[in-house]
Amino acid sequence: MIIAMTMVTLTGAFAQKPAEIKFEKLTHNFGTFSESEPVQKCTFSFTNVGGQPLVINQAVASCGCTVPEYTKTPIKPGEKGTLTVTYNGKGKFPGHFKKTITVRTNGAVEMTRLYIEGNMKE
C-alpha cells in the first residue's frame with residue numbers, strides 16, 4: 001500500500017506542466033522618431049501559462065544600444081511579468097534599425113526572441 005501511494009505521489013509530481021512563457025507580442029515598432037529624441041522605450045508583457053514558477057535567467061540584446069530590464073522574481077503560474085527595452089540611438093546613424101533581444105528561461109521553451117525596430121530621422 002505504501003509503495004502504491006509513493007508511486008501515485010511521484011507520478012503526480014513528474015506529470016506537472018513545466019513553466020511556459022507567453023508574450024502578448026514578439027515585435028515592437030517604434031515607427032519614425034527624431035534624432036533629437038534618440039531614446040525610445042517599450043514594454044513586452046508576458047504570462048506564465050505553465051504549471052511551475054517561471055524564471056527569466058537572461059535577456060541579452062544584439063547590441064549595446066539596446067538594454068533589456070525584466071522581472072527578476074519567479075513568476076507563479078497564471079501571473080504576469082514585464083520586460084522593458086530601452087533603445088538609445090544617440091551617436092548612431094539615422095535610418096531604419098532592427099534589434100533582437102534573446103530571452104532565456106527555465107520554461108518548456110528555453111529561448112524566445114523579441115524584436116524592436118524603428119526609423120530614426122535626422
Side-chain angles (χ1 to χ4, degrees):
M1 182 77 154
I2 293 174
I3 293 173
M5 297 269 296
T6 304
M7 294 291 286
V8 168
T9 303
L10 288 176
T11 303
F14 289 120
Q16 287 185 337
K17 262 176 74 172
E20 185 178 346
I21 194 166
K22 180 173 171 127
F23 283 93
E24 290 178 9
K25 62 180 180 176
L26 299 176
T27 302
H28 179 81
N29 190 330
F30 292 111
T32 300
F33 59 93
S34 173
E35 187 177 17
S36 65
E37 294 182 17
V39 178
Q40 302 290 311
K41 284 188 174 190
C42 70
T43 299
F44 291 91
S45 296
F46 61 86
T47 304
N48 177 2
V49 296
Q52 298 291 317
L54 174 75
V55 177
I56 296 179
N57 298 319
Q58 187 180 47
V60 181
S62 59
C63 87
C65 61
T66 305
V67 179
E69 296 177 24
Y70 53 91
T71 304
K72 304 281 195 240
T73 57
I75 295 97
K76 295 177 184 172
E79 291 188 350
K80 294 183 179 288
T82 58
L83 187 144
T84 301
V85 179
T86 303
Y87 172 79
N88 188 347
K90 184 173 181 165
K92 303 290 180 197
F93 288 108
H96 184 265
F97 66 89
K98 186 168 189 172
K99 306 294 178 186
T100 305
I101 299 90
T102 303
V103 181
R104 297 186 186 278
T105 72
N106 68 329
V109 175
E110 294 178 6
M111 185 179 74
T112 304
R113 285 210 170 93
L114 304 174
Y115 301 92
I116 60 167
E117 65 180 308
N119 189 23
M120 186 168 69
K121 292 284 187 189
E122 289 185 52

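A salt bridge (charged side-chain N to carboxylate O under 4.0 Å, His left out) check over residues 109-122, counting only residues at least two apart or in different chains, returns nothing. Applying the ring-ring contact (aromatic ring centres under 6.0 Å, His included) definition to pairs two or more places apart or across chains, those involving residues 36-70 are Phe23-Phe46. Note on residues 79-90: pairs passing side-chain hydrogen bond (donor to acceptor under 3.5 Å, both in side chains), not counting sequence neighbours, are Thr43-Thr84, Thr47-Lys80. Residues in residues 90-122 take part in no disulfide (SG to SG under 2.5 Å) pair, two or more places apart or across chains. The side-chain hydrogen bond (donor to acceptor under 3.5 Å, both in side chains) pairs that include a residue from residues 33-42 are Ser34-Ser36, where partners are two or more places apart or lie in different chains. Under the disulfide (SG to SG under 2.5 Å) criterion, no residue pair touches residues 80-122, with sequence neighbours excluded. For the disulfide (SG to SG under 2.5 Å) condition, the pairs that include at least one residue of residues 46-122, sequence neighbours left out, are Cys63-Cys65.
Residues satisfying the side-chain contact (heavy atoms from CB on, under 4.5 Å) criterion with Lys22, sequence neighbours excluded, are Val49. Residues forming a side-chain hydrogen bond (donor to acceptor under 3.5 Å, both in side chains) with Lys25 (at least two apart in sequence, or on another chain): His28. For Pro53, the side-chain contact (heavy atoms from CB on, under 4.5 Å) partners at least two apart in sequence or on another chain are Pro74. Residues that satisfy the disulfide (SG to SG under 2.5 Å) test with Cys42, not counting sequence neighbours, are absent from this structure.
Linking Ile, Leu, Val, Met, Phe, Trp and Tyr residues whenever their side-chain heavy atoms come within less than 4.5 Å places Leu26 and Ile116 in a single cluster. Note on Phe97: it does not cluster hydrophobically with Val60, by side-chain heavy-atom contacts below 4.5 Å among ILVMFWY residues. Note on Val67: it does not cluster hydrophobically with Ile101, by side-chain heavy-atom contacts below 4.5 Å among ILVMFWY residues.
Minimum heavy-atom separation, Asn48 to Ala19: OD1-CA, 3.9 Å. What you find for Val103 and Thr105 is that their closest heavy atoms are CG1-CG2, 4.1 Å. Thr71 and Gly81 get closest at one heavy-atom pair: OG1-CA, 3.7 Å.
For the pair Leu54 and Asn106, the minimum side-chain heavy-atom distance is below 4.5 Å. You'll find the side chain of Met120 reaches within 4.5 Å of the side chain of Pro38, heavy atoms only.
Distance check: Asn29 CG to His96 NE2 gives 6.5 Å after rounding to the nearest 0.5 Å.
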(message) side chain to side chain contact (heavy atoms under 4.5 Å, CB included), that's the test. Do Leu114 and Leu83 meet it? Break it down for me.
(response) CA-CA 10 Å; Leu114 304 174; Leu83 187 144; 4.0 Å; yes
(message) Between Val109 and Ile21, does the side chain to side chain contact (heavy atoms under 4.5 Å, CB included) criterion hold? Intermediate values first, please.
(response) CA-CA 8 Å; Val109 175; Ile21 194 166; 6.0 Å; no
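In this structure, Tyr115 shares a hydrophobic cluster with no other residue, the cluster being traced through Ile, Leu, Val, Met, Phe, Trp and Tyr side chains under 4.5 angstrom apart.
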